[in-house]
Protein chains: 2
Amino acid sequence: MKRKSKSQKVYDYIEELIISGEYKPGERLPSEAQLGETLKVSRVSVRAGIEKLSAIGLVNKKKGGGTYVNRPKNDNYLSVFTPTLLHNTDYLELMELRRALDSLSVQLCTQNITEAGTRKLGKIIDRMEHLEEDGDFFELDKKFHLLVSKYSKNRFLHNIHLIIWDVLQKTLRPNYTKVTEPSTYDRVGEHKRIYDAIVHKDENLARIYTVHHLEKVIDTFKCVYNEAYQEAFEKNQKKET
Amino acid sequence: MKRKSKSQKVYDYIEELIISGEYKPGERLPSEAQLGETLKVSRVSVRAGIEKLSAIGLVNKKKGGGTYVNRPKNDNYLSVFTPTLLHNTDYLELMELRRALDSLSVQLCTQNITEAGTRKLGKIIDRMEHLEEDGDFFELDKKFHLLVSKYSKNRFLHNIHLIIWDVLQKTLRPNYTKVTEPSTYDRVGEHKRIYDAIVHKDENLARIYTVHHLEKVIDTFKCVYNEAYQEAFEKNQKKET
DNA sequence: AATGAACAAGTTATAATACAACATTTTTTT
DNA sequence: AAAAAAATGTTGTATTATAACTTGTTCATT
């Protein structure tokens with residue numbers, strides 16, 4: 001039975017004080033030296049514990065200035081975990097979940113969106129419509145959906161979207177053009193239909209179009225992915241021969 | 001303009017090698033001493049970088065044995081998110097998102113569940129029905145919904161459920177009885193209806209009952225939360241006077 | 001009295017050295 | 001060949017020190 005390390009004890013101690021609210025957002029933690037005295041460990045162990053807290057976004061360290069409890073954030077508070085997702089999930093799982101998440105996002109967005117928000121969405125659609133064939137559709141695609149999730153007014157949901165797009169940026173981007181080139185499906189039209197439903201405050205239609213859009217992307221990816229997979233597989237076979 | 005710390009460089013270097021697949025799951029990283037030589041930094045900086053990777057679940061360290069790249073996991077790979085979520089989200093956001101996620105889970109579960117799975121769900125319902133009034137309904141509630149998400153056969157979805165319940169465990173638990181006591185709503189009956197729909201393979205009905213159940217919990221919490229909030233607020237007012 | 005500059009003190013980042021506590025590998029013994 | 005012991009390797013912790021920064025205090029100037 002392994003004993004808990006001193007650095008883990010430091011981590012647990014501080015985490016508990018933060019989660020319980022005793023250490024307030026924005027507040028400065030005791031110095032490493034002080035924590036070492038309080039907990040009767042060396043500064044090395046304190047630093048290890050705090051490094052972990054910093055890695056998951058609970059605290060931020062300022063060289064020479066101290067370590068501060070992070071304020072709860074509206075955006076990107078899950079971004080530290082992008083590597084975790086990259087390491088543990090695959091594209092199709094993400095996309096399947098996106099079906100549910102984007103469906104919910106667009107419903108809430110349709111309920112909550114402002115005129116300014118609608119205008120912004122319209123601008124993105126406009127840019128999609130005028131995009132050259134080799135233009136960066138990925139960025140517009142991402143902007144569109146992230147704006148929708150932002151106007152869902154559910155922060156957790158928006159942050160899951162943010163991290164999913166972060167992952168997609170890193171995993172899909174190389175093959176994005178292949179999956180979403182105009183010949184494969186009506187990529188602009190699908191977004192425009194979602195947009196129109198939002199403008200008309202028709203949340204059911206917005207959901208239907210969104211799910212349809214995601215399913216189309218998934219199906220297309222499956223076709224493309226199978227081809228690419230075969231090629232890579234055959235290439236590996238040749239290497240081993 | 002701040003320079004990137006040496007420990008961050010170590011983190012970035014290793015993370016890239018893991019995400020790119022050069023360091024394989026299950027593989028042992030070079031020792032701290034070797035990495036220090038390779039990257040021309042002291043062991044302190046190597047340790048700090050690795051501590052961060054460990055915190056987000058990419059590696060695990062064995063005292064005396066080395067540091068290993070974690071294998072992608074089926075379950076609980078998002079557990080590292082829990083403190084961050086605890087710090088950055090609130091209950092209602094979580095529950096609102098649960099509405100969509102549980103809805104999807106129950107649909108997929110209804111499609112995918114096995115006879116053994118159905119039996120397990122039935123056992124939980126049975127225990128719910130025979131639970132004493134001061135019994136631990138929370139655990140049964142949690143088991144039920146997590147079993148549903150498990151049989152959704154979407155790992156990412158299941159893992160999001162796992163962390164949500166982790167967060168609920170820590171935030172709601174103290175007030176759980178108040179929100180879910182029998183007088184507030186038909187807690188057993190609602191789960192039984194969901195279960196029956198699953199047994200009958202009626203995924204639409206399962207979804208409807210699930211959404212209804214979640215909405216009921218949300219509404220109940222809102223009523224209870226407002227009362228509790230008023231009391232806490234008044235208590236704080238008295239303190240400051 | 002108010003403001004800015006200089007200095008002192010405080011704090012995190014990094015390094016070197018050492019030892020403890022473990023895990024893994026190699027060698028020796030049975 | 002298998003088991004036990006020894007050697008080697010590796011992470012966890014400690015101590016001491018310095019570098020590089022931030023924050024607070026004091027002093028000088030206006």
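Hydrogens, waters and symmetry mates are skipped; everything else that's a heavy atom, side chains included, is used. Below, chains carry the letters A, B, ... as their sequence lines are ordered, and counting in each starts from 1.
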Straight-line distance of [X] [atom1] to [Y] [atom2], nearest 0.5 Å:
X        : Y       : atom1 : atom2 : result
B:Ser79  : B:Asn76 : OG    : CG    : 5.0 Å
A:Leu92  : A:Leu97 : CG    : CG    : 12.5 Å
B:Leu168 : B:Met95 : CG    : CE    : 6.0 Å

Check this for me, if you would: do [X] and [Y] make a salt bridge, where the nitrogen-to-carboxylate-oxygen distance has to be below 4.0 angstrom?
X       : Y       : value
A:Glu51 : A:Lys61 : yes
A:Glu15 : A:Lys52 : no
B:Asp12 : B:Lys4  : yes

From C:dT14, C:dT24, C:dA13, nucleotide with atom closest to B:Tyr68 side chain
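Closest nucleotide to the B:Tyr68 side chain: C:dT24.
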Nearest whole angstrom, please: distance from the [atom2] of [N] to the [atom1] of [X].
X       : N      : atom1 : atom2 : result
B:Lys4  : C:dA13 : NZ    : C1'   : 16 Å
B:Gln34 : D:dT8  : CD    : C1'   : 13 Å
B:Lys40 : C:dA16 : NZ    : C1'   : 18 Å
B:Lys62 : C:dA21 : NZ    : C1'   : 15 Å
A:Asn60 : C:dT11 : CG    : C1'   : 14 Å
B:Lys6  : D:dA20 : NZ    : P     : 10 Å
A:Leu39 : D:dG12 : CG    : P     : 18 Å
A:Leu35 : C:dT12 : CG    : C1'   : 13 Å

Over 12 non-hydrogen atoms of neighbours within 6.0 angstrom of CD in B:Gln8:
yes
A:Arg99, CZ atom: more than 12 neighbouring heavy atoms under 6.0 Å
yes
Taking any heavy-atom pair under 4.0 Å as a contact, classify B:Gly65: base, sugar-phosphate, or nothing.
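Sugar-phosphate, no base atom in range.
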Determine the sole option in A:Lys153, A:Lys150, A:His161 for which the side-chain hydrogen bond (donor to acceptor under 3.5 Å, both in side chains) test with A:Ser105 is passed.
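By the side-chain hydrogen bond (donor to acceptor under 3.5 Å, both in side chains) criterion, A:Ser105 pairs with just one of A:Lys153, A:Lys150, A:His161: A:His161.
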Side-chain H-bond candidate by donor/acceptor type, B:Asp166 with B:Thr82, under 3.5 Å:
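Yes, a side-chain donor-acceptor pair sits under 3.5 Å.
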Would you kindly say whether A:Ser152 and A:His158 are connected by a side-chain donor-acceptor distance under 3.5 Å?
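Looking only at side-chain atoms, A:His158 and A:Ser152 do not form any donor-acceptor pair under 3.5 Å.
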With nearest nucleotide decided by heavy atoms, which residue, A:Gly64 or B:Ala33, maps closer to the 5′ end of DNA chain D?
B:Ala33
Could you check whether the rings of B:Trp165 and B:His145 sit parallel, tilted or perpendicular, using 30° and 60° as the cut-offs?
parallel
Check this one for me: any side-chain N or O of [X] less than 4.0 Å away from OP1 or OP2 of [N]?
X       : N      : result
A:Thr67 : C:dT12 : yes
A:Lys63 : C:dT14 : no
A:Lys61 : C:dT11 : no

Name every residue in residues 41-55 of chain B that has at least one heavy atom under 4.0 Å from any atom of DNA chain C, in order of residue number, or write none if there are no such residues.
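Within this stretch, B:Val41, B:Ser42, B:Arg43, B:Val44, B:Ser45 sit under 4.0 Å of the strand.
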Per the under-4.0 Å heavy-atom filter, residues of residues 23-32 of chain B near DNA chain C come out as none
What's touching nucleotides 3-5 of chain D from the protein side, N or O pairs under 3.5 Å?
none

